[in-house]
Amino acid sequence: MSDSYKIAAKVVPSERQLKWQEVEFYAFCHFGMNTFTGKEWGDGQTPPEVFHPTDFDAEQWAKAVKSAGMRGLILTCKHHDGFCLWPSAYTEYSVKNSPFRDGQGDVVREVADACKKYGLKFGVYLSPWDRHEPTYGQGEPYNTYYKNQLRELLTNYGELFCIWLDGACGEGKNGKKQKYDWQSYYAVMRELQPNAAICVSGPDVRWIGNEAGVCRKAEWSVVPSWLSINEYVAEHSQKADDKKFAKTHNAMVLDLGSRKAIANETDFIWYPAEVDVSIRPGWFYHAAEDGKVKSLDKLYKIYLNSVGGNASLLLNIPPDKTGRIPQVDALTLDAFGRMLGREFPVDLLQGARACATSELDSEHSASSVLEENTSFWQSALDEECPELVLDFGTETAFDSLILQENIRTGQQIEAFDVAIQKGNRWKRIGKYTIIGYKRICRFKKTYRTRKIRIRIRSHRGMATILRVSAYKRNELA
Ligand code: FUL
């Protein structure tokens, strides 16, 4: 077996990637001209007068998003049709020529302010593909246009946690395609919002590879560096003529980071995964989909696979023509937030004791995993299968465990299992691959035991755990 994994083991996240990862679960709001035309991809020909939300309420969005336990919101400030939700100085195709607030409105401002008020982080989506702008397809003039718009969004709306770009590059108004100058776009982003993660068609966050909410069994954050090349991202993204793409994931490469998958690679990056999926079939609001809002069970399954499988979850909630999140979606979000509260009520390991088969030194003791701070457990360097034992002190019922690796020192755990003490034996109750930023082990049944053992079956030279917590679903809440 090649030693490539040892190189991969040394790759660590940037501070901005760590901050982004901690947002975990956040909303996408697809809102714009398509909301009013019923389309998913507008052609940029619809007159601005058509944009007419009658009861626009950004605070209602923020409250609904917050109720689900989400920590941020990304707004489609400009989708492929080129219509701008803020009064850009560089085009007439924006809210300023619409009936919204008599042409005096700014959707981006209102959403950014509502996020701030409700303690949500705010991010922007600015489609590079623009089917309205005449300079699109002309090279430099459009790159300048795009950067000017970036400057507006990145200076006037406070701190952003991310800038979301897809790879779509279709034809513009004149039938031409644009050659995007990605590096110069990134330079503007780093200059104006150095803490914002550049997602998907960018260097900081990796698109999971489908829009169906499906994750890999082992979602590695350390992957070969070519995965972030824009041409590769575009090649594997949604295409203008392939509408089925959104719901399928057949073409997704299922292993990006295992020892075997990276055996012939030499260059790696920290490129954590994000799942983007809509609560409804479409990204934009369509009345015909009011009966197709995903069920709580479906959402929970996606949540466990993504947030609980070392990926973040970007859940799309499309506001309707009135400019509000429809009641059925808002109720679902609220119910989902309460469901999460019931599933993970209190950490049962508070006050427990931890010991391990080895500890690197006294600063990396087993008990660190029970503390809510940056200290972490690390086993002795030569121990192949270190074990961590958590002792509740008395027999305790639990049905889930949440584990976090100390990703500041990289992602190294390849496989682990969980066992409970039964008499004087250990009974295995689960077998898993990676941990990474977060792994939720949700068991199918409730177990009663005094001690839990976590056994790292394989790692890349360093086994660390930042935090372990245990829960029992509260049926009554
Ligand atoms: C894609 C777009 O083409 C879709 O319309 C949607 O915005 C999705 C999140 O990204 O690339």
Side-chain angles (χ1 to χ4, degrees), residues 21-22 24-25 68-71 213-219 275 295-313 315 335-354 366 368-372 376-377 387-407 413 415-422 426-457 464-477:
Q21 188 99 52
E22 284 166 6
E24 285 188 17
F25 178 32
M70 293 193 253
R71 299 184 186 146
V214 178
C215 301
R216 295 169 182 80
K217 215 171 147 206
E219 204 58 77
V275 170
S295 67
L296 290 183
D297 281 352
K298 175 82 188 163
L299 289 176
Y300 189 45
K301 199 168 167 218
I302 294 175
Y303 180 89
L304 289 178
N305 284 336
S306 54
V307 176
N310 194 36
S312 66
L313 176 55
L315 179 64
F336 188 62
R338 284 186 285 116
M339 176 176 182
L340 291 181
R342 268 198 311 275
E343 287 288 307
F344 310 105
V346 270
D347 176 12
L348 301 167
L349 285 168
Q350 279 167 21
R353 285 166 42 132
S368 308
V369 306
L370 302 171
E371 294 162 14
E372 218 165 332
F376 58 95
W377 166 59
E387 295 175 8
L388 177 71
V389 173
L390 306 157
D391 181 354
F392 287 116
T394 98
E395 200 174 73
T396 303
F398 74 102
D399 55 22
S400 65
L401 278 184
I402 302 186
L403 288 91
Q404 294 190 276
E405 198 169 339
N406 185 58
I407 57 169
I413 294 175
F416 71 100
D417 56 35
V418 179
I420 52 169
Q421 194 183 44
K422 268 210 142 187
W426 289 104
K427 177 183 176 320
R428 191 168 73 192
I429 58 168
K431 208 171 158 200
Y432 303 85
T433 58
I434 55 108
I435 295 181
Y437 169 71
K438 189 171 268 191
R439 159 72 72 182
I440 304 178
C441 309
R442 178 70 174 86
F443 305 105
K444 294 225 159 56
K445 56 184 267 198
T446 301
Y447 292 103
R448 298 190 137 269
T449 186
R450 184 176 150 173
K451 290 183 186 173
I452 300 175
R453 187 191 69 187
I454 291 155
R455 182 165 171 267
I456 314 290
R457 295 169 47 231
T464 68
I465 291 188
L466 174 69
R467 188 95 175 89
V468 185
S469 49
Y471 303 87
K472 161 83 183 75
R473 180 186 151 88
N474 180 356
E475 312 281 351
L476 303 171

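These figures come from a predicted structure and were not determined experimentally.
Of all the heavy atoms in Thr433 and Phe416, the pair that sits closest is O-CD2, 3.2 Å. Contact record, Val275 with Gly213: CG1-CA, 3.8 Å, taken as the closest heavy-atom pair. Listed here is the closest heavy atom pair of Met339 and Asp297: CE-OD1, 4.4 Å. Pairing each heavy atom of Cys441 with each of Tyr432, the nearest pair is CB-OH, 3.3 Å. Of all heavy-atom pairs between Leu390 and Ala354, the closest is CD2-CB, 3.8 Å. Nearest heavy-atom pair, Leu388 versus Ala366, reported as atom, atom and distance to 0.1 Å: CD1-CB, 3.7 Å.
Without hydrogens or angle criteria, Thr449 side chain to Ile420 main chain gives no donor-acceptor distance under 3.5 Å. For Arg455 (side chain) and Val418 (main-chain N/O), no donor-acceptor pair under 3.5 Å exists by modelled atom type. Side-chain N or O atoms of Arg439 include one that pairs as donor or acceptor with a backbone N or O of Ile434 at under 3.5 Å.
Once rounded to the nearest 0.5 Å, the distance linking CD1 of Ile413 with CG of Asn406 reads 10.0 Å. Remark: Arg71 CZ to Glu24 CD distance equals 4.5 Å, nearest 0.5 Å. How far CD1 of Ile429 is from NZ of Lys444: 12.5 Å, rounded to the nearest 0.5 Å. Remark: Leu340 CG to Tyr300 OH distance equals 7.0 Å, nearest 0.5 Å.
No side-chain heavy atom of Ile440 sits under 4.5 Å from any side-chain heavy atom of Glu343. The side-chain heavy atoms of Arg457 and Lys431, taken from C-beta on, include a pair separated by under 4.5 Å. Side-chain contact check for Glu405 versus Phe376: every heavy-atom pair is 4.5 Å or farther apart.
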Run the side-chain contact (heavy atoms from CB on, under 4.5 Å) check on Glu372 and Arg467 step by step: do they pass? CA-CA 7 Å; Glu372 218 165 332; Arg467 188 95 175 89; 3.7 Å; yes
Should Lys451 and Phe392 be marked as a side-chain contact (heavy atoms from CB on, under 4.5 Å) after you check the CA-CA gap, both sets of side-chain angles, and the distance that decides it? CA-CA 6 Å; Lys451 290 183 186 173; Phe392 287 116; over 6 Å; no
Verify side-chain contact (heavy atoms from CB on, under 4.5 Å) between Val369 and Ile454, making sure each step is shown before the conclusion. CA-CA 12 Å; Val369 306; Ile454 291 155; over 6 Å; no
Ignoring hydrogens and angles, write down the donor-acceptor pairs under 3.5 Å from the side chains of residues 303-313, residues two or more places apart or on other chains.
unit_1	atom_1	unit_2	atom_2	d
Asn305	ND2	Lys301	O	3.4
Ser306	OG	Ile302	O	2.7
Ser306	OG	Tyr303	O	3.4
Asn310	OD1	Tyr437	N	2.8
Asn310	ND2	Glu219	O	2.8
Asn310	ND2	Ser221	OG	3.1
Ser312	OG	Tyr26	OH	2.9

Could you go through residues 393-403 and list every donor-acceptor pair under 3.5 Å that involves a side-chain atom there, pairing it with any protein atom two or more places apart or in another chain?
unit_1	atom_1	unit_2	atom_2	d
Thr396	OG1	Thr394	O	2.9
Asp399	OD1	Arg473	N	3.3
Asp399	OD2	Arg473	N	3.1

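Listed by chain and residue number, nothing satisfies the salt bridge (charged side-chain N to carboxylate O under 4.0 Å, His left out) test with Lys472 (two or more places apart in sequence, or in another chain). Partners of Lys422 according to the side-chain contact (heavy atoms from CB on, under 4.5 Å) rule, which considers only residues two or more places apart in sequence or in another chain, are Lys427. Listed by chain and number, the residues in a salt bridge (charged side-chain N to carboxylate O under 4.0 Å, His left out) with Glu22 are Lys19 (sequence neighbours excluded). Taking Phe344 as the reference, Tyr471 meet the ring-ring contact (aromatic ring centres under 6.0 Å, His included) condition, with sequence neighbours excluded.
Environment of CZ in Arg342: crowded, with over 12 heavy atoms of neighbouring residues, nucleotides or ligands closer than 6.0 Å.
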